[in-house]
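Letters A, B, ... are given to chains in the order of the sequence lines, protein chains preceding strands, and every chain is numbered from 1. Side chains included, hydrogens not; waters and symmetry mates left out as well; all remaining heavy atoms used.
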Amino acid sequence: MSCATSDLEVQEEEEEEGGGGDHEERAHLEEGGGGGGSFQTQPLRHDDLKEMLDSNKDSLKLEAMKRIVAMIARGKNASDLFPAVVKNVACKNIEVKKLVYVYLVRYAEEQQDLALLSISTFQRGLKDPNQLIRASALRVLSSIRVTIIVPIMMLAIKEAASDMSPYVRKTAAHAIPKLYSLDPEQKDQLIEVIEKLLADKTTLVAGSVVMAFEEVCPERIDLIHKNYRKLCNLLIDVEEWGQVVIINMLTRYARTQFLNPNINESLLEEGSGGDKTFYGSDEDEDEDEEEKEKNAEAPAMAKRKPYVMDPDHRLLLRNTKPLLQSRNAAVVMAVAQLYFHLAPKAEVGVIAKALVRLLRSHSEVQYVVLQNVATMTIKRRGMFEPYLKSFYIRSTDPTQIKVLKLEVLTNLANETNISTILREFQTYIKSMDKDFVAATIQAIGRCATNIGEVRDTCLNGLVQLLSNRDELVVAESVVVIKKLLQMQPEKHSDIIKHMAKLTDNIQVPMARASILWLIGEYCEHVPKIAPDVLRKMAKSFTNEEDIVKLQIINLAAKLYLTNSKQTKLLTQYVLNLAKYDQNYDIRDRARFIRQLIVPTEKSGALSKYAKKLFLALKPAPVLESPFKDRDHFQLGSLSHLLNAKAGGYQELPDWPEAAPDPSVRNVEVKDSVPEWTKCSSREKRKEKKVEKPFYSDSEGESGPTESADSESDSASGSESGSGSEESGSGSESVESEEGSESEEEEEDEEEKNKKKKKKELKKPVQESESEQSSEEEERKPERKSKQRKSDSESESDEEESESESSQSESEDSESEAEIKKKKKAAESKPPTKPVKKENKKEKKEMSLLDLDDFEPAPSPQVTPVNTFLSNSLVTDLEGLSLSDTVLSPATIAPSSALKNYELLHRITGEGLSVEYCFSRQPFSPDANMVAVQMQFTNNATSDTKNLHMEDVKLQSGMRVKEFPEIELLPAGETAAAVMGIDFCDSTQAANFQLCTHTKKFFVSIQPPVGELMRPIFLTENEFKKEQGQLMGMNEITEKLTLDAKCRNEHAIVQRVTTAANLSRVPCGSDKECSPPVPPPDHPIHRFAGRTVTSSSLVLVTVATKEEGAAQLTVNCEKMLIGTMLVKDILLALTQ
Amino acid sequence: MIHSLFLINHSGDIFLEKHWKSVISRSVCDYFFEAREKAVDPENVPPVLQTPHHYLISIYRGKLFFLSVIQTEVAPLFVIEFLHRVADTIQDYFGECSEGIIKDNIVTVYELLEEMLDNGFPLATESNVLKEMIRPPTILRSVVNTLTGSSNVGDTLPTGQLSNVPWRRAGVKYTNNEAYFDVIEEIDAILDKSGTTVFAEIQGVIEACVRLTGMPDLTLSFMNPRLLDDVSFHPCVRFKRWESERVLSFIPPDGNFTLMNYHVSSQNLVAIPVYVKQSISFFETGPCGRLDITIGPKQTMGKTVENMMVTIHMPKAVLNANLTATQGTYTYDLTTKVLVWDIGKLNPQKLPNLRGSLSTQVGVPKPEDNPSLNIDLKIQQLAISGLKVSRLDMYGEKYKPFKGVKYLTKAGKFQVKMLCTAHFSTNWRSEYI
């Protein structure tokens, strides 16, 4: 020590001689330019600090140290103070000491010699009776990165690893990776220490030692065997950071030790065929291959012996599951990836909910979680489908989150939900965030390629976007359209024409290039336009961007090959321009193409094949997710996020072909008793207390270890172990764990059962939801009243409320049981039927969106064009179409009701009179049109010829399907015809000219609002549900007094259905209210329909009250239609 | 694991650095600054960046970037969650997490960082443990410290560090024993332009303030736990009790903490407390538009809606707004194009209305994009899901504590897509994709 002090003095003298400046420069150099602020440090102030440090007063020392640490924190260089600071390492004041430690750890590496002076202090600290001091001494000692002290550190770590205090042992575990990074040669010795600490039974040490294991020897998986069960059981009590590390490590461990739980399932799937669609048919090809390989080897074996999950595998899954409820996102993610990589397919679903929960966390958490969800959705789409709406985008989301959510939505899209997703996408296109809009357009493109049914719809939508004002939107659309068209070009020559026109306006190079490529590729579809485009392009060639120039050359070459007559000169011109271009790529291309296509005497054999080369069929591009195949990285890892292997990443091994010996995990009792428990001290007793997992539930958790211990000695232990494990789980399920749990347990269930389960899963949750919600509704008033009661009572007088609450609790639990029963009943129903229904429903919903593809097939009714159907027949047919639903008095259709309107009066028509009515039948050529039945009467004395329509004037969006020309209408005769008008859900008139061979008459047809809809069938419940969603502005209510003549049900129904083309909603047909209820005094009549064009719901409710008073409610998405309809119905009911 | 931490302020200055292993030069941050510039918005900086030798993982909190430097594989969420925990701790200690506060307490922050990580691996993150080692500054203590020269650093090992209940220290004593719970629910919803609910759900949180002597063991039970669909707990809550009995059984941390977060099952229809009638239109000709918003109560369960506030992000082309509000005040920020209408209490008799004209940039075509409208509100004494705490029992201690439960409903991410019209007919057409 005396030697040390003298050294110090020498150092100080040197410093005084050399002056501060010199010193600083050296330090600065050593820092590698790191301390940007080091120039500002003033030697003068440092002298000040030195003085303070040398003083006897602790307060002064403290002040100085605080200032020095503040300097370090700001990144300023304080290394020249090292000698002055290090003297205080033995200071009695604990705060000064701590700050000195902080300083030492920061600068020791730079001033190794001086740092050595402090070592003895720490060595003394290691022997201190206070565990805090022992731990902190070890912590600082191991943090000093000086190679000379490696042996000292090694010794200290070894000693601390068998310290009595678990806190010191934890510190020892932390010190291991520090020493390893300082000197990797110590690995073998360190592994010994790790092995020892892994056997530690306290939760405090577990996380830290596994961390050390991961950094030092992640490949020594054999060290885990004996500790596997203990780690599983301790897991729930380990602190959260340790949990993450342990779970990630155990995932890897399990992959090496257990069999693939899905191996049988995949076999089954292949056997039954087609059943695979559950998790999306786009099961990874690679995996398929892999599985096939395995299957090829394993089938005989696997068929003989059904897969039984190793009880240890089950233990891991069971013990990690509750951690999905952790508040720490990293823990949740760790469990999620464990389930994704290790659990049987049927069980993976549990993680979806937890991951969706994380989406409400900070945006950085969302970012990471969404990346992982995106990868998962490719493999296991079914898992997240019920949470589709959670991925809807908010305008306040950051762009990077929006884009990721889009990715997930796109991955989730399938035939059933695509209409909803596309509708959502429509709103995104109007966003102000242009990057996001571009991403949306690409997403639409991907949906279109993945789901054939909507390809045309998407294409049409994208074509509409071409007229968008924003150039970026247009450009992105062009690029996507190009890709889509490549899949079926022959059908879309008009789109290609349209795009050709765009070349005049679009400036974005990528888009221009795409258009040119398209025209060139499909020039035979647009033989007239293509040369003209080339002409224009030749004109602007010199001003174009490089990618555009290349495509112009391409276009020229292709045209030359197909249509050389018209384009020969143009091509030569373009090639000449390109020959002198500045860009050598373009010059090269021009030269190459000239040689290839223009036959000269020198041209080689290749030119014969020029046509083949250029006009070969090109495969359509595959638009795939950037997240495809990412799951070969362990999910949740940095490598997965970056899609590149990060340093120190441990590959997730493939499942083994055959399970390694499970008995390696059996633990012998004697070994597991650590040495330190033998010594007796006060602390020891404390520790014993700690040892017993205090906080985990006392019954189950400690059990398995013990049982594992007891079963250990026999070789057949594993067998008996599995038995006990199984029975354990059984009893658990008896303990009213949730039903789902017990289901999971039964792994070796029959195949059929499995399939059934799957099918049930397949149904979206909605099914049960609706069932429940109806119940919920029933119960609501009850609950409300309860709430109010308890509200009124103040919280303080507990006695009363307690008794009450306990009562209500029991009630609650009862009802819960009821629900469970019902659920079960629902589940036990044969699954096929509801599925069918579901499908149907979805079909219906499709038609909500006016996507051409989903137009319901025109109903079987064939409307004879020239004859009137009798009204009664109409109603008959209507009844027929509803026959699979409950027939009720509801469908009373207007019996005599069709009202005739005059289109052309006899006098103005010079003898020709025309009347029309809305026949209320589907117009079969186009379901979006309203059928108008016209009746022509020739009152004149001469024949009328060539009766047809002309010069139709319409508001934008409206369309008309003309009636077929009537060639001859003899005098005194009558003829009928049907035309269709798409009013676009507006009451705008359709104006046109009615022409005969001699005259033209201007006429117009204006529909009453009630004719703009068609009836649909809804049950009362559906009606209420829909009505619930159309509240607020979509609801219009009027009070009225019913006309004296229309106070009975029949009259009301008739008047309403006359006024509007709606169908009656049967009341009381719901099976829930089984006892026949006497008709109430004041019935409520409900009517439902959809508008013809946009299929928006129109719901009308007439609630009658006393003495003819009534309330009319109209719910309609289209507010305008709603208001007009209210007026019309009001009129019909009051007159 | 976590190698270094840099705290960076809004203008890109590094004002604190801490290295847990060897020193890494500040220049790594240049990669971050580059990304920061590219992203325009601080929220759009990718949280994970790759540089030739390091990985940078950052979070953005309170206008500060917490940037950590990583060298080897580590779960990114692990780091992100930890960085947020650092920010939480700073907030817990000093009341807020801002550049000024951190600079004022730089030594304490540095000491905290030293305790929170050891060699890059989290060591002590429970605020209870940290507070025993490094005492949070109070006015009284700082006065005493300057007089006596005593320190902020505790000299005993925090008992929490050793026990299996690391969130609670031993020997807590209060003269008034009290336990208060706040049930706070947030409605997240997206309503489309016609007022139909596209998406709605309820998020809840139970914030607790527990000041109880000794080691109390509490059990909190609900009247209707079935409502809770998805839950996450403070580590103190026993999972298994919840699984089997649906009660929250826990030894509480001392002081304020978040007991649980929950999500109300989506089977229940979410009551939307207000409705909004709105229209915004821009004329094809002339530099102006019109705005009309009315708000009314819908399903409020008989409670009054308070602290109503409407925020609209206007299209870029809108220059100014000239509006009249029948209630409350409105402001229009010309640079960010954000219209804020602070309404206050919602009076069901006289519905608040905001209408008037918007002036748009001349020569710029009428904005096509629809702005959306965000709503803030509060309803006291109501948990909109209907969740109700039925009782709180205490075991393990003899005294009788004061107990209380408060309910509050707030709007979370409550968004209404606006109706933007020029003519009715074009609007209809736009519905087709």
Legend entry - Pairwise side-chain contact, A:K178 with B:D118, heavy-atom cut-off 4.5 Å (strictly under): yes
Legend entry - Engaged part of B:N374 at the chain A interface, taking heavy atoms whose separation is under 4.5 Å: side chain
Inset, instruction - Sort out for me which of B:K277, B:K18, B:E126 touches chain A most, counting heavy-atom pairs under 4.5 Å. - result: B:K277
Inset, instruction - Between chain A and each of B:V74, B:T197, B:V231, B:T72, count heavy-atom pairs under 4.5 Å; write down the option with the most. - result: B:V231
Inset, instruction - Specify which of B:Q50, B:H19, B:M1, B:K413 makes the most heavy-atom pairs with chain A at under 4.5 Å. - result: B:K413
Inset, instruction - Grab the two heavy atoms, one from A:S326 and one from B:S232, that are nearest each other, plus how far apart they are. - result: O-CB, 3.6 Å
Inset, instruction - Any chance you could measure A:L641, atom CG, to B:I57, atom CD1, to the nearest 0.5 Å? - result: 8.0 Å
Legend entry - Contact origin within A:R74 toward chain B - heavy atom pairs under 4.5 Å: both
Legend entry - Step-by-step side-chain hydrogen bond (donor to acceptor under 3.5 Å, both in side chains) determination, A:E1117 to B:T196: CA-CA 8 Å; A:E1117 214 174 300; B:T196 320; 5.4 Å; no
Inset, instruction - Specify whether B:F121 and A:H174 have parallel, tilted or perpendicular ring planes, treating 30° as the upper limit for parallel and 60° as the lower limit for perpendicular. - result: tilted
Inset, instruction - Kindly determine whether B:D188 and A:R394 satisfy side-chain contact (heavy atoms from CB on, under 4.5 Å), including the steps that lead there. - result: CA-CA 11 Å; B:D188 284 359; A:R394 292 166 201 282; 3.9 Å; yes
Inset, instruction - Verify whether one side chain among A:S363 and B:E43 offers a donor that lies under 3.5 Å from an acceptor in the other. - result: no
Inset, instruction - Drop me the distance from B:F78's CZ to A:E240's CD, to the nearest 0.5 angstrom. - result: 9.5 Å
Inset, instruction - Answer with side chain, backbone, both or neither: which region of B:V79 has an atom nearer than 4.5 Å to a non-hydrogen atom of chain A? - result: neither
Legend entry - Interface moiety of A:V365 toward chain B, non-hydrogen atoms closer than 4.5 Å: both
Inset, instruction - Please report the closest heavy-atom contact between A:R139 and B:L123, naming both atoms and the distance. - result: NH1-CD2, 3.6 Å
Inset, instruction - Please flag which part of B:Q415 lies under 4.5 Å from any non-hydrogen atom of chain A: side chain, backbone, both or neither. - result: side chain
Legend entry - Segment of A:E424 engaging chain B (4.5 angstrom heavy-atom cut-off): side chain
Legend entry - Residues B:D230 and A:K353 bridged, charged N to O under 4.0 Å: no
Inset, instruction - Would you mind checking if A:R360 and B:E201 are paired as a salt bridge, meaning a charged N to carboxylate O distance below 4.0 Å? - result: yes
Legend entry - Structural part of A:T427 lying under 4.5 Å from a heavy atom of chain B: side chain
Legend entry - Winner by heavy-atom pair count (cut-off under 4.5 Å) against chain B, out of A:S142, A:S395, A:A70: A:S395
Inset, instruction - Test A:H362 against B:I80 for side-chain contact (heavy atoms from CB on, under 4.5 Å), laying out the working first. - result: CA-CA 9 Å; A:H362 302 285; B:I80 289 170; 5.8 Å; no
Legend entry - A:K645 portion near chain B, given a 4.5 angstrom heavy-atom threshold: backbone
Legend entry - Listed partners of B:K406 passing salt bridge (charged side-chain N to carboxylate O under 4.0 Å, His left out), at least two apart: none
Inset, instruction - Measure A:T399 against the heavy atoms of chain B and call it side chain, backbone, both or neither at under 4.5 Å. - result: both
Legend entry - Atom group of A:V245 that falls short of 4.5 Å from chain B, counting heavy atoms: side chain
Inset, instruction - Could you look at B:N44 and say if it's the side chain, the backbone, both or neither that has a heavy atom under 4.5 Å from chain A? - result: both
Legend entry - Greatest number of heavy atom pairs closer than 4.5 Å to chain A - which of B:F199, B:F402, B:W242, B:F82: B:F199
Legend entry - Top contributor to chain B interface from A:M65, A:Q650, A:Q337, A:R327 [non-hydrogen pairs under 4.5 Å]: A:R327
Inset, instruction - Considering only NZ, NE, NH1 and NH2 on the basic side and carboxylate oxygens on the acidic side, decide whether A:K98 and B:E115 come within less than 4.0 Å. - result: yes
Inset, instruction - Indicate the atoms forming the closest heavy-atom contact of A:Y367 with B:P46, along with that distance. - result: OH-CB, 4.2 Å
Inset, instruction - State whether the side chain of B:N119 and the backbone N or O of A:S143 hold a donor-acceptor pair below 3.5 Å, judged by distance alone. - result: no
Legend entry - Contacting moiety of A:V369, where chain B heavy atoms sit under 4.5 Å: side chain
Inset, instruction - Give the minimum heavy-atom separation between B:E111 and A:L99, together with the two atoms involved. - result: OE2-CD2, 3.5 Å
Inset, instruction - Against chain B, work out which of A:I72, A:L638, A:L324 has the most heavy-atom pairs shorter than 4.5 Å and name it. - result: A:L638
Inset, instruction - Kindly indicate, with the supporting measurements, whether the criterion side-chain hydrogen bond (donor to acceptor under 3.5 Å, both in side chains) is fulfilled by A:E109 and B:S22. - result: CA-CA 8 Å; A:E109 204 170 5; B:S22 51; 4.9 Å; no
Legend entry - Exam field: side chain B:E73 to backbone A:G648, donor-acceptor pair closer than 3.5 Å: no
Inset, instruction - Could you tell me which portion of B:Y110 (side chain, backbone, both or neither) has an atom closer than 4.5 angstrom to a non-hydrogen atom of chain A? - result: side chain
Inset, instruction - Mind ranking B:G412, B:P76, B:G120 by heavy-atom pairs under 4.5 Å with chain A and telling me who comes out on top? - result: B:P76
Legend entry - Heavy-atom pairs under 4.5 Å with chain A, option from B:K21, B:Q71, B:R85 with the top count: B:R85
Legend entry - Part of B:F239 lying under 4.5 Å from any heavy atom of chain A: side chain
Legend entry - Contact class of B:V276 relative to chain A, heavy atoms under 4.5 angstrom: backbone
Legend entry - A:E364 side chain vs B:Y60 backbone, donor-acceptor pair below 3.5 Å: yes
Inset, instruction - Looking only at non-hydrogen atoms, find the nearest pair between B:W20 and A:R145 and report the distance. - result: O-NH1, 4.2 Å
Legend entry - B:E81 vs A:W241 side-chain heavy atoms within contact, under 4.5 Å: yes
Legend entry - chain B contact via A:Y649 - side chain, backbone, both or neither, heavy atoms under 4.5 Å: both
Legend entry - Shortest non-hydrogen separation from A:K66 to B:V107 and the atoms involved: O-CG2, 3.3 Å
